[in-house]
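Accompanying notes for the structure given below.
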Amino acid sequence: MSVFAIAGNKGGAGKTTLSINLASRFNRDSPTALVDADPQGSSLQWRAISTNDDTIPVFRAENDLHQQIDNLQRTFGHVFIDCPPSVHAPQTDVALKSCHIVLIPVQPSPMDLWATVHIERAIEGSLEVNPSLKPMMVINQAEARTTMSKLVREALQQIDLLVADTAITRRAVYRHSILHGKNVFEMGSLGRIASEEMEQLIKEIKLL
Ligand SMILES: Nc1ncnc2c1ncn2[C@@H]1O[C@H](COP(=O)(O)OP(=O)(O)OP(=O)(O)O)[C@@H](O)[C@H]1O
Ligand SMILES: [Mg+2]
């Protein structure tokens with residue numbers, strides 16, 4: 001029974017993509033809910049176009065997000081929170097203070113990695129009230145078949161946050177699946193490699 005926040009301070013890093021795919025995979029094994037805490041409402045839109053009855057339930061964040069997370073955890077067991085792209089947003093603050101694990105997707109560019117200093121500070125603040133919070137950065141949109149540049153590796157070393165060994169590669173199936181209200185596990189052979197990397201990431205998450 002865990003609460004996972006997917007957060008960060010950069011738009012377009014992959015929070016919604018990770019939230020949808022990870023939460024959907026967890027939901028296959030045990031009841032899981034997804035909370036869309038981003039006013040942009042991307043996860044809610046994705047749920048609205050899904051035609052599969054088994055698709056994970058997605059809830060709009062309520063004013064009392066802390067209480068909502070608590071209630072959902074009692075009903076579903078696992079709860080994922082898709083956060084807005086700012087650590088200063090009140091939803092991110094509540095999510096960081098209420099979750100067990102926070103995943104921070106970042107693109108493998110030095111600018112994106114340097115921007116993680118904001119989330120690092122927000123996590124430090126949250127640890128004071130949520131001392132068991134476990135953060136992990138996840139490299140997303142890595143170029144397939146290229147090794148990460150020397151610059152990115154150097155930037156990573158300056159960041160005081162655990163980085164998942166599994167990097168999520170840039171693949172069209174991540175976009176296409178969302179467009180069809182699906183997750184990568186529902187995309188057959190097109191989603192095979194993406195599904196495998198998600199499974200690999202989940203293994204790491206479970207070891208945290
Ligand atoms: N691994 C990937 N491969 C290919 N496309 C990706 C990948 N991850 C995310 N994308 C695409 O990049 C865009 C941004 O991703 P996403 O919406 O998940 O980011 P976000 O952090 O939730 O953005 P926002 O901050 O606006 O909420 C989307 O078009 C998404 O389909
Ligand atoms: Mg999003």
Side-chain angles (χ1 to χ4, degrees), residues 4-25 33-50 55-56 58-61 65 79-96 99 102-109 111-116 118-119 122-123 135-148 152 161 163-187 190-202 204-205:
F4 304 88
I6 321 291
N9 209 43
K10 271 265 182 187
K15 295 177 290 298
T16 301
T17 304
L18 277 191
S19 298
I20 287 173
N21 286 295
L22 294 175
S24 297
R25 181 62 188 87
L34 174 57
V35 178
D36 192 341
D38 183 356
Q40 291 179 103
S42 315
S43 290
L44 282 162
Q45 280 176 25
W46 166 80
R47 183 64 187 84
I49 56 170
S50 166
T55 301
I56 185 169
V58 183
F59 297 89
R60 188 183 302 280
L65 179 58
V79 181
F80 280 75
I81 311 156
D82 180 12
C83 291
S86 165
V87 292
H88 306 295
Q91 298 93 331
T92 308
D93 185 51
V94 175
L96 290 180
C99 71
V102 54
L103 301 175
I104 307 126
V106 281
Q107 298 202 42
S109 88
M111 282 75 79
D112 286 57
L113 292 166
W114 290 327
T116 56
H118 300 284
I119 185 91
I123 288 169
M136 185 163 74
M137 285 198 335
V138 180
I139 302 291
N140 182 36
Q141 306 221 32
E143 297 293 342
R145 288 184 293 278
T146 59
T147 46
M148 247 188 286
V152 170
L161 288 173
V163 183
D165 286 335
T166 309
I168 305 302
T169 51
R170 185 194 297 271
R171 292 180 182 279
V173 72
Y174 284 107
R175 292 169 194 259
H176 290 164
S177 52
I178 304 271
L179 264 177
H180 295 102
K182 292 185 175 178
N183 58 67
V184 293
F185 299 96
E186 297 172 299
M187 296 298 283
L190 280 179
R192 189 177 56 82
I193 298 174
S195 304
E196 281 169 11
E197 55 192 26
M198 282 293 146
E199 295 280 10
Q200 200 60 43
L201 179 60
I202 287 172
E204 284 193 61
I205 293 170

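When a ligand or atom number is given, it counts from 1 through the structure's own listing order.
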Exercise. So is Y174 polar-close to ligand 1, meaning N/O to N/O under 3.5 Å?
Worked result: no
Exercise. Would a distance-only check, ignoring hydrogens and angles, find a side-chain to backbone donor-acceptor pair under 3.5 Å from S50 to T55?
Worked result: no
Exercise. Under 3.5 Å, side chain of Q91 to main-chain N/O of A61, donor-acceptor pair present?
Worked result: no
For this session: Would you check if the side chain of D112 reaches a backbone N or O of P108 as a donor-acceptor pair within less than 3.5 Å?
Result: no
Exercise. Closest non-hydrogen protein atom to atom 17 (O) of ligand 1, residue and atom name please, with distance?
Worked result: T16 CB, 4.1 Å
Seminar exercise, completed: At under 4.0 Å between heavy atoms, what of L18 touches ligand 1? The answer is neither
Exercise. Which protein non-hydrogen atom lies closest to atom 18 (O) of ligand 1, naming both residue and atom, and how far is it?
Worked result: T17 OG1, 2.5 Å
For this session: Note the single closest protein heavy atom to atom 13 (C) of ligand 1, along with its residue, its atom name and the distance in Å.
Result: Q141 NE2, 4.4 Å
Exercise. Is there at least one pair of N or O atoms, one from A172 and one from ligand 1, spaced under 3.5 Å apart?
Worked result: no
Problem set entry | Side-chain donor or acceptor of R47 paired with backbone N/O of I56 under 3.5 Å | yes
Problem set entry | Geometric N/O contact G14 with ligand 1, under 3.5 angstrom | yes
Exercise. Once the angle between the rings of H118 and H88 is folded into 0 to 90°, is it parallel (under 30°), tilted (30 to 60°) or perpendicular (over 60°)?
Worked result: perpendicular
Exercise. What residue and atom, counting heavy atoms only, is the protein's closest point to atom 26 (O) of ligand 1, and at what distance?
Worked result: Q40 NE2, 3.2 Å
For this session: Verify the contact flag for atom 7 (C) of ligand 1, where contact means a protein heavy atom under 4.0 Å away.
Result: yes
For this session: Give yes if a backbone or side-chain nitrogen or oxygen of D82 is under 3.5 Å from a nitrogen or oxygen of ligand 1, and no if not.
Result: no
Exercise. What about A13: any of its N or O atoms under 3.5 Å from an N or O on ligand 1?
Worked result: yes
For this session: Measure the distance from atom 4 (C) of ligand 1 to every protein heavy atom, then report the residue, atom name and distance (to 0.1 Å) of the closest one.
Result: R171 O, 3.1 Å
Seminar exercise, completed: atom 25 (O) of ligand 1: closest protein heavy atom, distance to 0.1 Å, is K15 NZ, 2.9 Å
Seminar exercise, completed: Paired with E196, the side chain to side chain contact (heavy atoms under 4.5 Å, CB included) test is passed by just one of M198, E199, R192, namely R192
For this session: Using 2.8 Å as a strict upper limit, say whether an N, O or S atom of T16 approaches the Mg ion (ligand 2) that closely.
Result: yes
For this session: Spell out, as yes or no, whether a donor-acceptor pair under 3.5 Å connects the side chain of K182 to the backbone of H176.
Result: no
For this session: Measure from the side-chain N and O atoms of Q107 to the backbone N and O of A142, and report whether any donor-acceptor pair falls under 3.5 Å.
Result: no
Exercise. How does R175 reach ligand 1, if at all, at less than 4.0 Å between non-hydrogen atoms: by side chain, backbone, both, or neither?
Worked result: both
Problem set entry | Short side-chain donor-acceptor distance under 3.5 Å, E186 and S177 | no
For this session: Would you check if the side chain of D36 reaches a backbone N or O of S43 as a donor-acceptor pair within less than 3.5 Å?
Result: yes
Exercise. How does D38 reach ligand 1, if at all, at less than 4.0 Å between non-hydrogen atoms: by side chain, backbone, both, or neither?
Worked result: side chain
Exercise. Nearest to atom 23 (O) of ligand 1, what protein heavy atom do you find, and at what distance?
Worked result: G12 N, 3.0 Å
